[in-house]
Amino acid sequence: MDRKKLDAWQKAPVKIVSEAIYHAEKQNEEDNLISFLLLDVGAEMLFKTYLGLPKHITGSITLEDERYNIIRKGFHGVIEGVKNSRQGISAKELARVEFFHGLRNKLYHQGNGLTVQRSHLDEYIAIIKSLFKQLLKVDIDEQLSSTTLTKDEAERIAELREEIDSLLELSQTKSNTLKTLCSLIVEKIASQLLLPSFAREFEVLRDRAYSEEGFSISKGEVTSYKTLPNDTSMRMEILGWFEELIMPIIKTSPYFETLQKKVKVGNKLHIDSLSSHLGIKNVEVVRHEVPVILSIIFDDFFNLDDFYFNIVEIIVFGDIDFQWQWNFMCFTLKDIYPMQHNETELEYWVSTLDTCNSQNRKLDGFIKQANYWLENGCRL
């Protein structure tokens with residue numbers, strides 16, 4: 001199905017709501033929250049766009065000056081204005097939007113765990129889709145559907161995919177080289193950390209640390225897994241186990257002072273970051289200062305490789321978020337990020353090619369810096 005070309009006044013609210021649906025499809029707590037907040041923004045934009053349009057477009061039964069005055073009112077006033085301006089509009093759906101706006105206010109101002117019920121999110125999406133049809137004559141599902149490709153576009157996409165396959169294979173080779181260099185760097189910093197006996201003790205502690213049950217939902221299927229405790233005090237206890245194992249080993253390293261430098265950590269860091277980005281009141285959590293080499297204990301997931309890469313980031317790469325950038329690289333087609341709602345399929349594959357070229361350049365930079373340190377930087 002082809003997308004209907006949107007008028008200028010339809011584009012902004014459609015973009016906001018489409019982005020909300022894109023996040024909802026990921027089916028995790030953080031994206032559910034983002035989706036819910038974007039839906040609320042999209043709903044208000046939808047209503048104000050409708051009220052600001054000429055009567056011959058919307059069929060409104062209220063005067064233009066009256067509608068403009070309504071736009072300057074709060075959310076409840078805007079809802080009432082839409083209800084009074086549009087014959088046949090679903091009062092029940094508008095009432096549910098008000099209800100969801102109330103939930104949004106609680107999320108903003110109370111910070112009650114920053115969670116959204118999936119049933120509420122699904123209902124909100126369905127209502128917004130219905131209201132878009134009624135008020136702006138836009139079918140959101142149609143806007144989210146794929147466009148039909150021409151023969152030339154299909155052939156070009158096939159060529160791009162072949163190029164991307166080759167680039168991803170090259171990325172994997174470069175990544176393997178980088179892993180080898182990381183091992184060589186750790187050997188220079190504290191060779192005992194690479195011993196099989198250390199690896200065995202590390203894994204025993206890690207298995208012991210993953211003591212709670214976690215759950216994820218993907219395409220309606222629930223998967224359980226072992227996870228670290230969310231409680232900060234319990235994380236600090238776990239950190240103590242690793243501290244007893246690791247600190248005596250690195251004490252003789254010439255890089256000990258750097259590795260044991262204190263940094264602040266705390267639980268729900270990702271939620272705090274998200275809430276700050278969206279302008280929501282932060283959740284109050286306890287912060288602790290811990291040795292930077294052990295800060296990975298406060299990540300959602302860590303293993304022995306993450307521990308090694310963290311050391312390399314601290315000593316060689318400093319503040320460039322080396323490990324974070326590496327973790328988010330793609331090495332197979334199935335890892336590639338999904339197409340955005342506002343781009344064509346051809347645009348998507350062109351931008352993916354650019355991303356693959358960019359990540360290979362980034363890997364080259366990491367490899368060059370790691371080699372330079374091995375040849376020069378490790379000489380204190």
Using 30° and 60° as the class limits, which term best fits the ring planes of Phe36 and Phe100: parallel, tilted or perpendicular?
perpendicular
Heavy-atom pair of closest approach, residues Gln10 and Lys137
NE2-O, 4.3 Å
Between Asn32 and Arg118, is there a side-chain donor-acceptor contact under 3.5 Å, judged purely by atom types and distance?
yes
Any chance the side chains of Thr227 and Glu212 put a donor and an acceptor closer than 3.5 Å?
no
Can a donor-acceptor pair be found between the side chains of Asp354 and Asn357 at a distance below 3.5 Å?
no
Looking at Arg156 and Glu159, is there a salt bridge between them, counting it only when a charged N and a carboxylate O are closer than 4.0 Å?
yes
State yes or no: are the ring centers of Phe366 and Trp326 separated by less than 6.0 Å?
no
Quick test of your reading of the model: are Lys83 and Glu80 salt-bridged, counting only N-O distances below 4.0 Å?
yes
Assess Arg206 against Tyr210: is NZ or CZ under 6.0 Å from the centre of the six-membered ring, and within 45 degrees of the ring's axis?
yes
What's the shortest heavy-atom distance between Pro13 and Leu136, and which atoms?
CG-CD1, 4.1 Å
Out of curiosity, Ile16 CD1 to Ile128 CD1, how far, rounded to the nearest 0.5 Å?
12.0 Å
With a 3.5 Å cut-off and no angle check, do the side chains of Ser130 and Gln134 form a donor-acceptor pair?
yes
Any side-chain donor near an acceptor of the partner, Gln325 and Gln359, under 3.5 Å
no
Charged N-O contact under 4.0 Å between Lys261 and Glu257:
no
Relative to each other, are the rings of His120 and Phe99 parallel, tilted or perpendicular (30° and 60° limits)?
perpendicular
Looking at Lys362, I want to see if its NZ is surrounded by more than 12 non-hydrogen atoms of other residues, nucleotides or ligands under 6.0 Å.
no
Can Leu121 and Leu39 be said to form a side-chain contact (heavy atoms from CB on, under 4.5 Å), step by step?
CA-CA 9 Å; Leu121 179 59; Leu39 284 173; 3.6 Å; yes
Tyr22 and Asp31 side chains, donor-acceptor separation under 3.5 Å
no
For Leu37, does its backbone N or O pair with a side-chain atom of Asp40 as donor and acceptor, under 3.5 Å?
no
